[in-house]
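Notes to accompany the following structure.
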Protein chains: 2
Amino acid sequence: MNSVRPRDAEGTKAVILGAARLQFGQHGFDRTTIRSVAAAAGVDPALVMHYFRTKNGLFEAAATLDVQLPDLTGVPPGRVAAVLVPVFVKLWGPDGPLLPLLRAATSNPAARDMLIAIFSEKVAPALGPLTPDRAQERAALIGSHLIGVAVARHIIGLPVLEAMPDETLMVWLGPVFEHYLTEPRTA
Amino acid sequence: MNSVRPRDAEGTKAVILGAARLQFGQHGFDRTTIRSVAAAAGVDPALVMHYFRTKNGLFEAAATLDVQLPDLTGVPPGRVAAVLVPVFVKLWGPDGPLLPLLRAATSNPAARDMLIAIFSEKVAPALGPLTPDRAQERAALIGSHLIGVAVARHIIGLPVLEAMPDETLMVWLGPVFEHYLTEPRTA
DNA sequence: CCAGTCGTTCAACAAGCGTTGAATTGACCA
DNA sequence: TGGTCAATTCAACGCTTGTTGAACGACTGG
């Protein structure tokens, strides 16, 4: 039944990391225990420590990711949202890499810093060229809206948003993102 | 130094509740311990149990709140955002009652249910009369945007949004909320 | 066939947790 | 003054957690 894997350091390391990603994402940092990760990976808890030294080490390894955003230079403003929304919806989806980070951010400063870094190094630069001014603010508003939708959908589990298909969400968010990217500000 | 309070059940109960609110709000459910709440309240841990029976009981007592939204019937759509945004910004602010609930929602199902209840019993009914259709969806999008801003500002601590004054935030959010409330949907 | 290496497990620790029941303290009334 | 009862504390329990060092066991090169 329980298939005994051959001895393979790199392999088991990957299995542990997979289980850790899953649990950190679903239950957050505190509720995820070394023991539960080890059990899910079919491995002794001490082995987890051996490979990742500490629980924080395991988390950092599990949360390390490279967020790739499409190049948006030259995309007409009216089309930007249509390109952007599907990408972000996937990144923030239940299987995406950002939700675990957000869940952990409640109690883990390292997770907070990682999210801030992703915003200022990836999101803001990607959106900057499309905006007339105040690029940071505009990007932050778009980003925070996406965070909110992700929280409402996947953490709180608000029925209306849980039930809403991605396409419908896109239709709603599209004009708003366009507004945030292009609307001139006087104040 | 450490002022010894007179024996007063109702009083100490309130002190404990205050400490609990503070800690649940700042550190979330898991990181808040009976012992730390008791210490902050200058009281024995057993006393906390005596008054609130269990940690979940303490949390429920600390998280119980009545969110009061202004009556919006008859307010012209263009003015709605101007009325609504300050109220929501305060409710979601660092001293408001909703942030603790959201922090706890990461790991506490009761907190999730409470947030869902607040949405469906308070927010959606308040916004419903202002919308031509799909009231739940429209309210959910506004609510999730506010959640996102709160998370970005007070949980993650995104510098751009932390530094943004409430008035500026209002100017940004106003047109978007108006759009969500009034924009006709064809799809 | 034996030694050594490396993946892996065993067993235990110290600390912190929620929770408990009995003991202690202090205030009030007879 | 002494008794009563509520408010509060003491001391401990059983459990889970992260973490550790030593032991085990399978494969590999000599």
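What you are looking at is a predicted structure, and each value in this text was computed from that prediction instead of being measured.
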For [X] and [N], give me the distance from atom [atom1] to atom [atom2], rounded to whole Å.
X: A:Asn56; N: D:dT17; atom1: CG; atom2: P; value: 16 Å
X: B:Leu47; N: C:dG26; atom1: CG; atom2: P; value: 15 Å
X: A:Asp30; N: C:dC17; atom1: CG; atom2: C1'; value: 13 Å
X: A:Arg53; N: D:dT19; atom1: CZ; atom2: P; value: 10 Å
X: B:Asp8; N: D:dT8; atom1: CG; atom2: P; value: 7 Å
X: B:Phe52; N: D:dT8; atom1: CZ; atom2: P; value: 12 Å
X: A:Ile34; N: D:dG18; atom1: CD1; atom2: P; value: 6 Å
X: A:His50; N: C:dC10; atom1: NE2; atom2: C1'; value: 15 Å

Q. With no hydrogens and no angle check, is any side-chain donor or acceptor of A:Arg112 less than 3.5 Å from a backbone partner on A:Ala105?
A. yes
Q | Polar side-chain atom of A:Gln23 near backbone of A:Thr33 as donor-acceptor pair, under 3.5 Å | A | no
Q. Is the centre of the A:Tyr180 ring less than 6.0 Å from the centre of the B:His145 ring?
A.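 They qualify: ring centres under 6.0 Å apart.
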Please determine, for the side chain of [X], which listed nucleotide ([options]) has the closest atom?
X: B:Lys55; options: D:dA7, C:dG18, D:dT19; result: C:dG18
X: B:Met49; options: C:dG26, C:dC6, C:dT19; result: C:dT19
X: B:Asp44; options: C:dG18, C:dG7, D:dC10; result: D:dC10

Q.
Check this for me: does the side-chain of B:Arg35 come within 3.5 Å of the base of C:dG16 through a donor and an acceptor?
A. no
Counting only side-chain nitrogens and oxygens, does [X] get under 4.0 Å of the OP1 or OP2 atom of [N]?
X: B:Thr33; N: C:dG16; answer: no
X: B:Thr54; N: C:dG18; answer: no
X: A:Thr12; N: C:dG7; answer: no
X: B:Tyr51; N: D:dT8; answer: yes

(Q) I'd like to check the ring pair (Phe, Tyr, Trp, His ring centres under 6.0 Å) partners of A:Phe29; sequence neighbours left out, ordered by chain and number. (A) A:Phe24, A:Phe59
Q: Looking at every strand, decide which applies to B:Ser36 at a 4.0 Å heavy-atom threshold: base, sugar-phosphate, or nothing.
A: nothing
Q | Option from B:Val149, B:Ile156, B:Ile147 for which side-chain contact (heavy atoms from CB on, under 4.5 Å) with A:Ile147 holds | A | B:Ile156
